[in-house]
There are 2 protein chains.
Amino acid sequence: MMQNSFTEENYLKTIHALSGRDGLDVSTNALAESTATRAASVTDMLKKLADKGLINYKKYQGVTLTTSGEKVALSVIRKHRLWEVFLVEKLGFGWDEVHDIAEELEHIPSDILVEKLDAYLGHPRFDPHGDPIPDAKGNLLDPDYRLLTDIQIGEKVLMMGVLDHAASFLQHLDRSGITLGAVLEVKDINEYDKSASIIVNGDRTIFISLEVSKNLLVQRR
Amino acid sequence: MMQNSFTEENYLKTIHALSGRDGLDVSTNALAESTATRAASVTDMLKKLADKGLINYKKYQGVTLTTSGEKVALSVIRKHRLWEVFLVEKLGFGWDEVHDIAEELEHIPSDILVEKLDAYLGHPRFDPHGDPIPDAKGNLLDPDYRLLTDIQIGEKVLMMGVLDHAASFLQHLDRSGITLGAVLEVKDINEYDKSASIIVNGDRTIFISLEVSKNLLVQRR
DNA sequence: AAAAAAATTTAGGTTTGCCTAAAAATATAT
DNA sequence: ATATATTTTTAGGCAAACCTAAATTTTTTT
Ligand SMILES: [Mn+2]
Ligand SMILES: [Mn+2]
Ligand SMILES: [Mn+2]
Ligand SMILES: [Mn+2]
């Protein structure tokens, strides 16, 4: 059985991300956008992935992952997130610095490496951004967090993850003192622009824009 | 400034290894052999590396690294050896299992990653096979070890490294109890086939063939 | 110093993953 | 339902890294 290339793995991971929890069809254009390539190049790759049995592809109809394609995607995601934990927990990187490095490390192929890394890290269940880490068999939790925009005034929630993974957003959260696991209490919501004042960990009050609220995943306590 | 590809880095590393401590010219055929490619492919790559100023190349005359090429080679070697230390010291791999994985990890580009890894490992000076690790500036120790074949009967030496890095050889040493840092005393050398009996760490006596002696780097105490 | 052998380079192809431009299919608007 | 717009595919090419076969250069032998 031939190995999947770096590029093929990235396509599979992207298809997984774009098809979301419901396994919706992913369009050629969406893939072109996400992979920073042109639609024609995507079509080329889709043919190859279909030939290898990794995706279901009918011309003009979009694609979904096959079972075998999903297995590959989940394995890459597992590696990505485990390496991110390593970079943050062991090497002392910030959560805003690890994505690009993990983007490369995720393609190192050794299964035994992944399992030893997982054990060394203490079998973490979430990565530094709050994203769940698939287990060795490809089981992936779907923790139904909600957006901070759905939380009522007076409610206290735990900060569990981010939707936007951009370094600039994560750095903004750092400056606001909003870290994974922080307790957030919605003190007030501005009618006009939906900006909010939030009490962080019971002491500091900060103001956050709707843009920020829309990207914060939280959980009732 | 364009980045060097995976493949270019491997060629530079191979040229470094083959030119030895004296910086001798490396032949096209030797490179073809070491990189498991054909001579014609090597010629293609040599032209490219010469264009990029990484090697000195005159047709039919063999190649040497330029200062800039050597810098790249040493950086790749540094990464290879640091990752090997990580795999053995932190993840618990055996010294016979890490080479192929490090062969991939050595191409992960981030400078800051390398420096954080180095610090995390406690700035190791040698890799699990006894090979010296270049520092961040590209300074590489040249410890003048000698071969066990050069040691007289009765002499006690420290086991410092291996010439052959093959898993089968390393596993053979494991079975013989010969590890890095072990004290070896040459008890007797067989006239006929130069095989020897050796006392390991002052207790066990083992017999080793010339083939093994030729691949053991040792140091007087 | 030729002739023969070995090493190296050139010539011409292949595959992978990308591109632009043009054609075809699908979706949307009138 | 037709026309228009959008999406997707096809056609034809390019660069990287490899290949085989054929030429060329260097080295070794006679
Ligand atoms: Mn990431
Ligand atoms: Mn992450
Ligand atoms: Mn190695
Ligand atoms: Mn080594």
Side-chain angles (χ1 to χ4, degrees), chain A residues 1-16 18-19 24-65 69 72-73 76 103-104 106-109, chain B residues 1-15 18-20 24-65 69 72-73 76 103-104 106-109:
Chain A
M1 206 44 47
M2 268 259 296
Q3 265 233 147
N4 304 302
S5 73
F6 201 98
T7 308
E8 288 166 343
E9 287 188 349
N10 282 332
Y11 270 90
L12 295 172
K13 198 171 58 126
T14 305
I15 294 167
H16 180 92
L18 293 178
S19 63
L24 301 166
D25 281 41
V26 177
S27 75
T28 300
N29 266 359
L31 281 167
E33 165 97 56
S34 284
T35 57
T37 60
R38 301 312 186 112
S41 308
V42 172
T43 301
D44 283 350
M45 182 57 76
L46 293 183
K47 283 184 200 159
K48 198 205 303 191
L49 293 174
D51 284 348
K52 293 179 89 171
L54 296 165
I55 60 172
N56 304 114
Y57 173 52
K58 261 168 289 176
K59 273 198 209 176
Y60 296 98
Q61 302 312 129
V63 294
T64 56
L65 293 174
V72 175
V76 177
E103 209 54 46
E104 315 247 357
E106 71 189 3
H107 302 291
I108 305 285
Chain B
M1 199 72 16
M2 266 262 294
Q3 264 234 147
N4 303 302
S5 74
F6 201 99
T7 309
E8 288 166 342
E9 288 188 349
N10 282 332
Y11 271 90
L12 294 172
K13 199 172 58 128
T14 306
I15 294 167
L18 292 178
S19 63
L24 301 166
D25 282 39
V26 177
S27 76
T28 300
N29 266 0
L31 279 168
E33 166 96 56
S34 283
T35 57
T37 59
R38 300 315 185 109
S41 308
V42 172
T43 301
D44 283 351
M45 181 57 76
L46 294 183
K47 283 182 200 161
K48 197 205 302 192
L49 293 174
D51 284 348
K52 293 179 87 171
L54 297 165
I55 60 173
N56 305 114
Y57 173 51
K58 261 167 287 175
K59 272 197 208 175
Y60 296 99
Q61 302 312 131
V63 293
T64 56
L65 293 175
V72 175
V76 177
E103 209 54 46
E104 315 247 358
E106 72 189 2
H107 302 291
I108 305 285

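Throughout, a chain's letter reflects where its sequence line sits, starting with A, and its residues are numbered from 1.
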Are [X] and [Y] packed together at the side-chain level, in the sense that at least one heavy-atom pair is separated by less than 4.5 angstrom?
X	Y	result
A:Val63	A:Asn56	no
A:Tyr57	A:Thr64	no
B:Val72	B:Asn4	yes
A:Tyr11	A:Thr37	yes
A:Lys13	A:Glu103	yes
A:Glu8	A:Lys52	yes
A:Asn10	A:Thr35	no

Is there a donor-acceptor pair under 3.5 Å between the side chain of A:Gln61 and the backbone N or O of A:Lys58? no
So, does A:Ser34 use its side chain to make a donor-acceptor pair with the main chain of A:Leu31 at under 3.5 Å? no
Closest contact, heavy atoms only, B:Leu12 versus B:Ala73: O-CB, 3.7 Å
Output yes when B:Arg38 and B:Glu33 qualify as a salt bridge under the 4.0 Å nitrogen-oxygen rule, no when they do not. no
Contacts to DNA chain C from residues 52-59 of chain B, heavy-atom cutoff under 4.0 Å, which residues? B:Tyr57, B:Lys59
Pairs counted only when both distances fall under 3.5 Å, Watson-Crick or G-U: show me the 5' to 3' dot-bracket for DNA chain D, [ ] for pseudoknotted crossings and | for other-strand partners. ||||||||||||||||||||||||||||||
Distance in angstrom units between [X] [atom1] and [N] [atom2], rounded:
X	N	atom1	atom2	answer
B:Gln61	D:dT24	CD	C1'	14 Å
B:Tyr11	D:dA16	OH	P	14 Å
A:Tyr60	C:dA25	OH	P	6 Å
B:Phe6	C:dT16	CZ	P	18 Å

According to a strict under-4.0 Å criterion, is A:Ser5 in side-chain N/O contact with OP1 or OP2 of C:dT16? no
When you check the phosphate oxygens OP1 and OP2 of C:dA6, does a side-chain N or O of B:Asn29 lie under 4.0 Å from one of them? no
Go through residues 38-47 of chain B and report each residue with a non-hydrogen atom lying under 4.0 Å from DNA chain D, sorted by number. B:Arg38, B:Ala40, B:Ser41, B:Asp44, B:Met45
